[in-house]
Amino acid sequence: MIGDPARSRSRKAYLNAHVLSPAQGLNGKGGVLIEDGWILAAGTGVTKESAGASAQVIDCKGRIIAPGLVDMRVFTGEPGSEYRETLASASQAAAAGGVTTMIIMPNTQPVIDDAAIVDYVLRRARDTATVRVFPMAAITKGLSGELLAEIGLLKQAGAVAVTDGVKSVANANLFRRALTYARDFDLPVVAHAEEPSLAGGVMNAGETASRLGLSGNPAMAEVIMIERDLRLVEMTGARYHVSQISSALSATVIKAAKARGLPVTCGVSINHLVLNENDIGAYRTFFKLSPPLRTETDRRALVEALADGTIDAIVSSHDPQSDDTKRLPFAEAAFGAVGLETMLSAALSLHHNDGVPLARLVEAMSQTPARILGLETGRLAAGAPADFVVIDPTLSWKVEDQSLRSQSKNSPFEYRTLEGRAVETVVAGRTVYAYSA
Amino acid sequence: MTSTPARPPLFKAQHLLAINDFSPIEIQELLDLSQFYAEHGKSLPANRRFLGGQTQVNLFFENSTRTQSSFEIAGKRLGADVMNMAVSTSSLSKGETVLDTAVTINAMHPDFLVVRHQSSGAVELLAQKVSCAVINAGDGQHEHPTQALLDALTIRRHYGKLEGLTVAICGDILHSRVARSNIHLLTKMGARVRCVAPSTLLPSGIGNFGVEVFRRMEDGLKGADVVMMLRLQVERMSGAFVPSLREYYQFYGLSEARLRIANDKALVMHPGPMNRGVEIDSSVADGMQSVIREQVEMGVAVRMAVLDGLDRVRQGDAA
């Protein structure tokens, strides 16, 4: 028997599972044993016998147990736009999607650019959210791109990285200083890479935009900004993470930078891995994203870059928008799509349709984001927090307004049937979501 | 014209939103009916005023005197009660969205809604929310289908056909819904379409629209049967897309000398309103080859045919 028998009353054994934890090289039959919010053991060693007689046993019926997902890019409306999403409603959506840690963006009202606001959202999350919440704080005060925010104090208050969220720091000198300063605090700098003077359009530049009569945002706007930033990273040695890349060329540039040994990582939104600009069809604003969905060639290149490790993390880029910002002509509608509840299912389609190994997908949605941000989750190992998700990889379900827990329903997957989903989500040993058909 | 005329359906679409919703045969039928209205439209007998008792609302989010008047006259000649709503001056400034406006107007049960909006796709969005027939009178940089139809009718009246003709569309193609609708319609009908513009005023991927692209007027006009000039939106051009108006005129303005490069008797067209001395010389605009006034005249005929055609679909659905 594992651990202290006296404490085994709160003990739970998830048995008869396929345990998948890339950090430990686990990818096979086994179980997970948890107690008091922590993992005691994971893998083949966990059996009914080793769990002890008093342990509550859960039969996983061969389903997958993976580390809970760590989503590096989540927008909520709290504080400031609670009618779109609160930390509580976002956490419900996260739990239903197997996400056990949400990293929230500073693009709120007021902006998370002050230690007191970091403290506020952490307290609100503690009191109302069912999953773990960590904020990224602003790089510049008020996201204005003009003055540095108090990066040291923000870290002290609990920010896990700095970012201006939906925009680049256009001033190269200021961004250089942000990198230099953040390096001293060992805080990653996360960039939305887009040269603003080139990125005025509302969808990917090209033939489709021309046919729809919509202004185009060229992939080059992203590539140019990444290349600028990489030079500054080379100069400063700071840890730099591109929150989402959207084009084939960006992947090539990141790959070359990694080969040069730069401390660079990057993410991609699940939308850009499974959708392309043609999905916009007749001006469907739920597909209006920033950066924009690009061509099928770009999408394939991104899937490949994910598979070969050029892309480190998959994010939902969850961005709740209400009818009043989405039910508008395309050019006037807001950017963004909800995604916390669909990220895992959509990612499974990459396994089913594009042949990406499950272990790679799980790694990019849990272990790697946790590592980039210095979190102790993202792995199924003795001593790690009991944050995990039970996945039925073939269960099909339909995405519908009433089935989405997010307060906003702007899902690009609405009315689609997806294959595979979270059936149980556990945070700190507590079941925060259980699927019922 | 005394007995009750037969009204066979011309097309299947319930709205006129984009040229691509119509087949070549349907466009042919529409143009034939337009030709009829061009000849007889001004004084129709009572039994041909098919829209008697029906309501047509012109909803213009963007100001346009000529298009709106053209639709108004077309509706009235067919017997409809026409109401103009200039939304740009009323609800929009109060924060009302397109859909709010659509729902409000729909509640008044119009039969036809003629809509112009500054955003591409806005008319289509609105059409999803109303129960009447919607006519796109221009949406952003997307389409202006009745303009393309009236241009085609004008050309057909002079050449008797569209197929095989070489049509040079010249100027600000990037921002032009007129250009897009014309490209779709003319290529569909078998004309050879050329786009002539500085590269900064060409949309990306234009080469895949089934057109030939020219950067020099001298090359693009050679062998053209029709020269279609586009309005340069002077307000937003200078220094941004072209360096100056005088430079634009120098290289892309249609002068008499330049017009001589095109085929003899090539038609000169312009959707209006014109910037004389910028994209077109007054002597050309008012010259022998100009059919610009005829375009305006055909506008009413085409819009009557469109209203009639949509009414036939509605009557057919009701039967």
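Proteins come first, then strands; the chains are lettered A, B, ... in the order of their sequence lines, and each starts at number 1.
- No donor-acceptor distance shorter than 3.5 angstrom exists from the side chain of Arg327(A) to the backbone of Leu125(B), with no hydrogens or angles considered.
- Here the closest non-hydrogen pair linking Glu124(B) and Ala282(A) is OE2-CB, 3.0 Å.
- Residue Leu212(A) holds its CG atom at 8.0 Å from OG of Ser120(B), rounded to the nearest 0.5 Å.
- Atoms CD1 and CZ, on Ile183(B) and Arg211(A) in that order, are 9.0 Å from each other to the nearest 0.5 Å.
- Within 6.0 Å of atom CZ in Arg231(A), 12 or fewer heavy atoms from other residues, nucleotides or ligands are found, so the atom counts as exposed in its surroundings.
- Atom CZ of Phe330(A) and atom OG of Ser119(B) lie 11.0 Å apart (nearest 0.5 Å).
- Around atom NZ of Lys255(A), no more than 12 heavy atoms belonging to other residues, nucleotides or ligands sit under 6.0 Å away.
- The number of heavy-atom neighbours closer than 6.0 Å to CD of Glu304(A), taken from other residues, nucleotides and ligands shown, is 12 or below.
- Ranked by heavy-atom pairs under 4.5 Å with chain B, the first of Ala205(A), Ala331(A), Gly206(A), Gly216(A) is Gly206(A).
- The minimum heavy-atom distance linking Glu332(A) with His117(B) is given by the pair OE2-CE1, 3.2 Å.
- Within 6.0 Å of the CE atom in Met274(B), the count of heavy atoms belonging to other residues, nucleotides or ligands exceeds 12.
- Within the 4.5 angstrom heavy-atom criterion, only side-chain atoms of His184(B), from C-beta onward, approach chain A.
- For the pair Gly213(A) and Arg180(B), the tightest heavy-atom approach, listed with the atom from each and the gap, is CA-NE, 4.0 Å.
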